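Working notes for the structure below.
Note that the structure is predicted; figures quoted are calculated from it, not measured. Below, chains carry the letters A, B, ... as their sequence lines are ordered, and counting in each starts from 1.
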Amino acid sequence: MHTIKSRLRARIGEILAGAYPIAPNDIDFIIPPQAKMGDLALTLPFGLAKRQKLNPRAVAQEMMSRLGTLPGVARMEVAGAGYINLFLDKDAFFAARLAAAGTTALRPAERKVIVEHTNINPNKAAHIGHLRNTCLGDTLVRCLRFQGETVEAQNYIDDTGVQVVDVVFGFLEIEKKSLADLDGIERFDFYCWDLYARTAAMLEKEPAAQARKTEILKAVEHGQGEAGAMAAYVSRRILRAHLATMKRIGAAYDVLPCESSILDLRFWDKAFERLKQEGAITLAGEGPNAGCWVMRLEDEEDKEKIIVRSSGTVTYVGKDIAYQMWKFGLLERDFYYEPFAEDEGRTIWMSTAAPNERGIHFGGGSRVYNVIDTRQSYLQKVVVQGLRALHFEAQAAKSTHFSYEMVALSPRSMKELGATIAAGDEDKAFHEVSGRKGLGVKADDLLDKLEANAYAEVAKRNPDLPEETKRRTSRDIARGALRYFMLKFTRNALIIFDFAEALSFEGETGPYLQYTAVRLNSIFRKLEEREGRTLAAVGEAGREHPPAMSTLPAQEQADAWGLLTLSSQLDDEVLRSIEALEFSHLAKYAFSLCQACNGYYHKYPVLNEEDAGLKAVRLQVLYSARDVLVRALDLMGIPVPERM
RNA sequence: GCGCCCGUAGCUCAGCUGGAUAGAGCAUUUGGCUUCGAACCAAAGGGUCGGGAGUUCGAAUCUCUCCGGGCGCGCCA
């Protein structure tokens with residue numbers, strides 16, 4: 001649909017250019033609410049009628065007669081208050097769709113796109129909130145790559161931050177453990193989850209301990225002593241656990257830039273210099289911020305943001321401005337890199353301050369997406385203002401904060417977790433996840449639960465499958481269920497997490513989509529078993545001898561056409577999802593496509609159809625739908641098992 | 001106080017940048033497995049789109065206002 005829309009847009013623009021005052025952007029299509037109203041509709045007459053104070057219907061009539069015949073369009077009609085409805089040439093469209101199987105008409109727009117996501121503090125196990133971040137970020141990466149963009153997936157590691165320091169403090173001061181003791185701890189990320197909560201509670205109760213924590217923080221920032229070594233150990237080991245967790249949902253990264261490298265390579269000094277040079281920050285002489293370097297904020301006259309404290313240390317925002325500059329290649333510096341892990345043949349690189357001769361480079365994107373929850377909107381805005389203050393207007397315009405709402409816990413989930421509800425919070429509709437309080441659903445626990453439920457279903461339905469296949473299938477189903485669950489909500493929707501809802505495998509869920517794909521695959525597998533025709537052979541037959549749809553009986557033609565046009569909208573949906581950063585669009589689209597597939601093959605048998613003509617059409621319609629569905633699922637990171 | 005977000009069916013949510021009769025899933029009721037897989041399909045009931053005003057050919061969608069809920073606004077990260 002994307003292809004024919006672009007073609008029609010260009011052609012209509014050409015024809016009407018002399019007759020009406022229209023810009024190319026005015027020509028837009030909507031999909032009519034009912035199939036009998038056509039395949040595409042022009043709303044152009046409404047806009048023109050308004051400007052020229054004419055009757056929209058009359059404008060539509062005149063416009064339609066000017067348009068004459070359009071390529072690929074069988075007929076047009078004026079309808080409703082002034083729509084021009086287009087009915088496509090079904091056979092030509094069918095043939096074009098079959099020829100285009102497995103391809104996209106989308107084209108890249110950027111030199112290089114950087115997507116930063118996940119970014120979990122490496123001091124405890126990942127939880128459901130982190131899963132939402134990664135699902136959104138990884139889906140964005142997949143969609144951009146589908147569009148043909150060169151994409152770098154970055155996962156920023158704050159390995160010297162206070163959260164890591166808290167855990168180091170816990171080991172050293174509360175548990176009196178040495179670095180050597182840590183190797184013996186199993187499920188290290190879960191262990192630290194509890195320790196972090198205990199430490200946070202203890203530090204709150206005993207302010208006197210703050211001094212010791214500050215000491216540890218300094219040592220960690222300079223990589224000195226046992227604390228420094230322990231911070232490196234904790235952050236690396238937790239990071240490996242995070243990567244393993246995210247691998248379970250199919251997320252991968254190209255590079256892991258570390259806070260420690262930023263400190264060691266003094267990225268901030270360079271940025272500080274520039275900020276001062278450009279007058280973007282000034283030294284406050286008096287008032288409450290005396291002695292601090294501050295940045296004035298747009299919109300808020302009376303406010304200034306502290307970038308460098310009076311003690312000379314840089315704040316979080318300041319570091320983030322420097323880091324954002326690096327992402328755009330504006331810092332004139334880069335990290336060194338060394339391999340951190342291998343993932344299915346691809347190396348995941350980690351930044352280091354230690355020079356090497358590898359010649360590997362990252363960063364320097366022409367567009368940057370930061371996937372961070374909405375609570376950081378204000379700070380993200382300040383970071384972009386920092387770029388603007390340095391006169392990097394173009395980069396500021398291409399810095400996108402991909403914000404999304406948090407995942408909270410329903411009262412029922414709280415009960416299932418055995419969590420106690422704080423006094424005064426009894427009436428709340430939801431409870432915020434908090435790593436500091438150790439309150440939340442750990443990602444691996446949820447995935448384990450999903451897998452266990454999936455395993456029970458698989459074992460019930462396919463008892464004869466080998467054990468390893470059952471396990472693998474359960475993992476695929478768990479991943480599908482989770483990824484769809486995280487994508488089906490719009491990003492501004494607060495997800496109030498409920499186990500029953502998240503663990504459902506029926507209705508609008510990942511497993512429903514997977515089941516549809518499995519059944520479609522099954523039809524083609526049986527076709528090969530019974531008739532020796534492979535999927536590839538069906539595809540080739542469709543490309544070379546596309547069957548005609550126009551000869552079908554009316555009802556069947558309508559149903560086949562409905563499924564075909566729906567399955568032709570992947571490009572449009574991907575583009576729309578990227579532009580709006582709203583992958584619920586893609587999710588809903590894939591779900592609708594599955595509903596249409598299930599309805600279609602339920603109504604029209606393929607393998608047992610004796611009429612060769614009917615069979616050929618049905619086979620090709622399903623071939624096309626299968627092709628699109630499998631790709632849509634892949635974009636969402638949802639795998640398709642062989643059986644389920 | 002200022003900024004941002006949310007309010008749509010009993011519940012959980014969509015609603016394609018202002019379009020034609022507001023849609024899904026769950027739950028409820030009913031029907032369908034001897035056929036390419038029932039994690040499915042077919043059908044039914046269920047709505048003052050938080051309230052009010054405005055903009056116009058046309059509003060769930062845009063503007064204003066009020067009500068209810070959430071999140072931000074630190075010499076923390």
Subject >> N/O (side chain, A:Y512) to phosphate O (OP1/OP2, B:rC41) under 4.0 Å >> reply: yes
Original post:
Between the side chains of A:S567 and A:R626, does any donor sit under 3.5 Å from an acceptor?
Top reply: no
Original post:
Mapping A:E457 and A:N289 to their closest nucleotides on RNA chain B, which lands nearer the 5' end?
Top reply: A:E457
**OP:** Would you kindly check whether a donor in the side chain of A:S377 faces an acceptor in the base of B:rC4, or vice versa, at under 3.5 angstrom?
**Re:** no
Subject >> Nucleotide nearest A:N492 when distance is taken to its side chain, options B:rA39, B:rC71, B:rC5 >> reply: B:rC5
Subject >> Assigned glycosidic conformation for B:rU21 [threshold 90° from 0] >> reply: anti
**OP:** Give a yes/no on whether any side-chain N or O of A:Y378 is located under 4.0 angstrom from OP1 or OP2 of B:rG72.
**Re:** no
Original post:
5'-most contact on RNA chain B: A:I306 or A:E582, nearest heavy atom basis?
Top reply: A:E582
Original post:
Is the closest basic N to carboxylate O distance between A:R212 and A:E215 below 4.0 Å?
Top reply: yes
Subject >> Per-nucleotide protein contact string for nucleotides 16-21 of chain B (B base, S sugar-phosphate only, - none; heavy atom under 4.0 Å) >> reply: S--BBB
Original post:
Looking at B:rC6, B:rC36, B:rA38, which one has an atom nearest to any side-chain atom of A:S522?
Top reply: B:rC36
**OP:** Check whether any side-chain N or O of A:K460 sits under 4.0 Å from OP1 or OP2 of B:rA39, and answer yes or no.
**Re:** no
Subject >> N/O (side chain, A:T490) to phosphate O (OP1/OP2, B:rA14) under 4.0 Å >> reply: yes
Subject >> B:rC36 phosphate, OP1 or OP2, under 4.0 Å from A:R618 side-chain N/O >> reply: no
Original post:
Which nucleotide, B:rG32, B:rC71, B:rG25, lies nearest any side-chain atom of A:R375?
Top reply: B:rC71
Original post:
So, is A:N598 close to the B:rC40 phosphate, meaning a side-chain N or O under 4.0 Å from OP1 or OP2?
Top reply: no
Original post:
Where the side chain of A:D425 meets the backbone of A:K428, is there a donor-acceptor pair that is under 3.5 Å apart?
Top reply: no
Subject >> Phosphate OP1/OP2 of B:rA77: any A:Q376 side-chain N/O under 4.0 Å >> reply: no
Original post:
Is the A:F497-A:F430 ring centre distance short of 6.0 angstrom?
Top reply: no
**OP:** Searching all strands shown, indicate the nucleotide that pairs with B:rU28 (Watson-Crick or G-U wobble; both distances under 3.5 Å).
**Re:** B:rA44
Original post:
Looking at the side chain of A:E501, which of B:rG37, B:rU12, B:rC36 is the nearest nucleotide?
Top reply: B:rU12
**OP:** Write down the distance separating the C1' atoms in B:rC49 and B:rA22, rounded off to the nearest Å.
**Re:** 8 Å
Original post:
Among the nucleotides B:rC75, B:rG37, B:rC73, which one has an atom lying closest to any side-chain atom of A:C292?
Top reply: B:rC75
Original post:
Does the side chain of A:R530 get closer than 4.0 angstrom to OP1 or OP2 of B:rC36 through an N or O atom?
Top reply: yes
Subject >> Phosphate-side-chain proximity, A:R309 and B:rA77, N/O vs OP1/OP2 below 4.0 Å >> reply: yes
Subject >> Residues A:N133 and A:Y404: side-chain donor-acceptor under 3.5 angstrom >> reply: yes
Original post:
With ring centroids as reference points, do A:Y156 and A:Y323 lie under 6.0 angstrom apart?
Top reply: yes
**OP:** Consider the side chain of A:Y316, meaning its heavy atoms from C-beta on, and name the nucleotide among B:rG25, B:rA77, B:rC36 that approaches it most closely.
**Re:** B:rA77
Subject >> Among B:rC40, B:rC13, B:rC36, the nucleotide that comes nearest once only the side chain of A:F489 is considered >> reply: B:rC13
Original post:
Can you find a side-chain donor-acceptor pair between A:N370 and A:Q376 that sits under 3.5 Å?
Top reply: no
Original post:
Looking just at side-chain N and O atoms, do A:N598 and A:Y512 make a donor-acceptor pair shorter than 3.5 Å?
Top reply: yes
